[in-house]
Amino acid sequence: MPAVLRTLARGGGPSLLWRAVLMAALVCAIGLLPWLARTDPALTVLRARSAERDPDPATLRAIRDELGLDDGPLMLLGRWLGGLPHGDAGRSWVSGTEVLPAVAQALGVSLLLMAGALAVAVATAAAVCARTVWLGSRRRLGERGPGTGGSAGGSAGSGTGRASDTGGAGGAGRFGGTGPAVLAALPEFLVASVLASVVGVRLGWLPALGWYGPQWMVLPSLALGLPAGAVLGRMLDDLLPAAFAEPWARAAAARGIPPGSVARHTVRRCLPGLLPNAGLFVVGLTAGSVAVEQVFDIPGLGRLTLRAALAQDLPVLQTGVLALVLLAATAGALARLGTRLLIGPALRGGALHSLHRPAASAPRALPLLYGAVLLAVIGLGLPHDPFVLDTTARLQSPSAPHPFGTDALGRDILARTAHGALTTLGTACAVSAAALAAGVLLGLLPRLSGPVADTVNAVPPVLAGLLVTGTAGSGPWTPALAVAVVAWSPLAAHTSALLRQERAATHVTATRALGAGPGFLLARVLLPAVLPSVARHALLRLPGIALSLAALGFLGLGAQPPSPEWGLLLAENQPYAERAPWAVLAPAAVLALLGALAVTAAGGVRLPGPGRLRGGSGPEGRGPSQARGPGARGAGGAGRPSPDTG
């Protein structure tokens with residue numbers, strides 16, 4: 001317990017103050033939302049209470065007097081904050097009920113859903129990594145080919161730990177299986193819609209609407225947990241091969257340690273690089289589950305917050321966001337604590353080995369194939385007009401004139417999919433690139449960016465869109481700005497986690513001792529070690545960003561119908577999924593194709609490090625006699641030592 005307290009205290013002080021400042025700024029921004037929206041809050045509240053009532057001046061004046069809107073946002077915020085210490089979060093502006101019980105009940109539902117989704121995510125991640133773990137744990141030193149040595153010492157000093165040998169999975173295990181990769185690229189909204197319409201409605205195996213018992217948890221938990229678990233599994237699978245090739249793992253295999261024990265410790269070795277992102281996923285399962293709660297009609301905190309934001313029900317909105325931010329801070333603190341406890345003193349003592357290794361050659365045929373199919377779909381649809389209405393051809397099945405069928409207004413779905421790709425994909429690529437750059441830069445400053453990432457991650461993307469709209473106004477770039485505000489946080493957490501482990505690696509300590517400065521370490525050692533993994537992570541999120549952009553546009557925060565954006569296609573055709581499933585499956589298949597392209601292309605993201613990474617398995621896998629450069633002179637290393645040799 002004293003060690004735990006010291007660990008917590010080590011992250012306190014300025015970090016806690018910075019988190020408190022961020023939380024206060026967010027709560028204040030939420031408090032100003034009705035006024036930032038440039039609409040009369042009394043009018044919005046009246047429409048939320050009763051859309052049929054006439055908004056005459058007397059009625060609006062009565063609402064202002066009832067809610068104290070004439071006192072201004074600062075006075076309202078002060079009254080709300082003053083009641084919190086006494087357990088009083090005010091009353092809903094719309095329903096007139098107490099806010100705190102409603103938020104507590106919704107939070108309980110969301111936490112229960114989050115627990116089910118976490119169980120699904122862990123099982124999915126284990127399934128994604130199963131092949132790599134099984135092959136890596138049964139790999140013996142004698143199977144590694146010549147030059148690896150027949151003892152623990154030989155394996156530690158060997159320089160032949162090729163990428164194909166690290167963990168047994170190689171490129172096939174990490175990049176060849178596109179099934180989990182496509183699942184990782186699909187957003188929760190799409191998975192929820194497919195599960196609800198197919199499993200819940202068409203097959204009738206499980207209930208698809210409501211929240212009345214354990215059976216009603218299954219489909220929402222699958223919708224949330226499958227994509228999250230696939231992403232975490234891909235990230236873990238990216239680290240496992242190098243961990244299996246570390247000297248301790250080879251020595252354990254040589255001494256006959258059971259493969260299960262080796263696999264368990266290898267997974268434990270990789271977990272610290274994933275825990276910060278796992279903490280973000282935990283909060284994202286609550287804050288980002290708005291669409292899933294909407295699809296399955298679940299009375300959770302995400303849906304409650306969204307409805308309060310749309311109705312400008314300020315007390316409910318502020319209390320819900322405060323609960324999400326506190327949950328994010330708790331999850332982030334537990335993730336940091338778990339990272340330190342799993343690694344122990346090695347995180348500070350420079351005793352770790354680098355998990356960065358040269359990536360195996362990824363198959364180039366798959367991304368070329370997926371890219372060619374996607375371009376063919378776009379090329380076939382561009383010559384046709386996506387806005388032509390034909391009421392005599394409503395909801396027609398796929399045919400030669402309409403390969404993807406038609407929608408409820410008789411418009412050609414292939415044409416709308418192709419034209420929507422131009423704006424959706426272009427904007428998504430720009431946002432992904434900006435998120436990657438911001439994530440890497442802010443990941444270099446974990447003390448600054450860590451609390452910001454936790455706070456930003458607690459804000460549902462829809463609410464971020466409303467805040468951006470209130471500040472910058474509605475326009476075509478509003479969804480892009482709103483998504484970019486929240487898209488960098490998981491990439492920053494991933495970057496800082498990998499950098500923390502890489503700085504504790506033995507070769508970095510040795511390089512620093514040989515006189516390398518901070519700039520050299522960052523540019524030549526640290527960034528080459530973490531950029532490939534973070535870039536692959538960013539590509540995994542590209543399809544989800546594409547749909548998030550269009551979904552915000554559908555909510556009135558950007559492009560409007562009849563725009564052919566992909567998210568609008570899914571939302572417009574969702575009511576006809578039973579009668580005309582092709583109207584939903586066609587754009588969903590194109591989105592899955594984009595996911596397959598992004599993930600298989602991620603397998604080719606390789607950034608070779610400096611000389612220490614070429615031709616060997618890393619600094620710890622090459623002895624002094626294998627040092628490169630004209631100054632190397634055998635085992636004695638009489639020549640000038642390279643800063644890259646550790």
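This chain uses plain numbering: 1 for the first residue, then up along the sequence. Scope of the values below: all heavy atoms of this structure, side chains included, with no hydrogens, waters or symmetry mates. As the structure is a prediction and not an experimental result, all values here were calculated from the model.
With sequence neighbours excluded, the residues forming a salt bridge (Lys or Arg N to Asp or Glu O under 4.0 Å) with R49 are E66, listed by chain and number. Here R47 pairs with nothing under the salt bridge (Lys or Arg N to Asp or Glu O under 4.0 Å) rule; sequence neighbours left out. Checked against side-chain contact (heavy atoms from CB on, under 4.5 Å), A428 has the following partners two or more places apart in sequence or in another chain: L542, I545, A546, L549. For the salt bridge (Lys or Arg N to Asp or Glu O under 4.0 Å) test, no residue two or more places apart in sequence or in another chain qualifies with D88. V122 meets the side-chain contact (heavy atoms from CB on, under 4.5 Å) test with no other residue; sequence neighbours excluded. R91 pairs by the salt bridge (Lys or Arg N to Asp or Glu O under 4.0 Å) definition with E98, not counting sequence neighbours. Every side-chain contact (heavy atoms from CB on, under 4.5 Å) that S95 has, sequence neighbours left out, goes to S92, T97. The side-chain contact (heavy atoms from CB on, under 4.5 Å) test applied to W582 returns S397, P398, I413, A580, not counting sequence neighbours.
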Acceptor/donor pairs from residues 205-223 side chains to any protein atom, 3.5 angstrom cut, sequence neighbours excluded:
residue : atom : partner : partner atom : Å
W216    : NE1  : L209    : O            : 2.9
S221    : OG   : M217    : O            : 2.7

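Tested against V316 for a side-chain contact (heavy atoms from CB on, under 4.5 Å), the candidates L304, V94, T305 yield a single pass: L304.
No side-chain donor-acceptor contact under 3.5 Å links T59 to the backbone of P55.
Annotation: salt bridge (Lys or Arg N to Asp or Glu O under 4.0 Å) contacts involving residues 217-227, sequence neighbours excluded, are absent. Screening residues 23-34 for side chain to side chain donor-acceptor pair (under 3.5 Å), with sequence neighbours left out, gives no hits. A side chain to side chain donor-acceptor pair (under 3.5 Å) check over residues 319-329, counting only residues at least two apart or in different chains, returns the pairs W80-T319.
Nearest approach of P227 to V191, heavy atoms of both residues: CG-CG2, 3.9 Å. In plain terms, the two heavy atoms of A89 and L84 that are nearest each other are CB-CD2, 4.1 Å. Across every non-hydrogen atom of R303 and I298, the tightest pair is NE-O, 3.2 Å. Residue G302 comes nearest to S110 through the heavy atom pair N-OG, 4.1 Å, listed as atom of the first residue, atom of the second, then distance. Scanning both residues, G439 and T495, for their nearest heavy atoms gives O-OG1, 3.9 Å. In terms of heavy-atom proximity, G82 sits nearest to P85 at O-CD, 3.4 Å.
At least one side-chain heavy atom of M75 sits under 4.5 Å from a side-chain heavy atom of R79. Residues H537 and L491 are in side-chain contact: their nearest non-hydrogen atoms beyond the backbone lie under 4.5 Å apart. Residues R234 and C129 fail the side-chain proximity criterion, which asks for heavy atoms closer than 4.5 Å. Side-chain contact between L239 and L498 is present, with heavy atoms from C-beta onward closer than 4.5 Å. Within the 4.5 Å cutoff, no side-chain heavy atoms of V483 are placed close to those of W488. Counting heavy atoms from C-beta on, the side chains of V109 and L301 never come closer than 4.5 Å. Here the side chains of P57 and R61 are in contact, with some heavy-atom distance below 4.5 Å.
A salt bridge does not link R307 with D313: none of the charged nitrogens is closer than 4.0 Å to a carboxylate oxygen.
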Problem set entry | side-chain contact (heavy atoms from CB on, under 4.5 Å) assessment of Q318 paired with L322 | CA-CA 6 Å; Q318 287 177 313; L322 181 61; over 6 Å; no
For this session: Show your working on side-chain contact (heavy atoms from CB on, under 4.5 Å) between V452 and L442 and close with a plain yes or no.
Result: CA-CA 10 Å; V452 180; L442 292 174; over 6 Å; no
Exercise. Passes side-chain contact (heavy atoms from CB on, under 4.5 Å), V431 versus T427? Steps please.
Worked result: CA-CA 6 Å; V431 172; T427 308; 4.3 Å; yes
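One finds the OG1 atom of T424 at 8.0 Å from the CG atom of L569 (value rounded to the nearest 0.5 Å). Distance check, rounded to the nearest 0.5 Å: CG of L107 to CE of M114 gives 8.5 Å.
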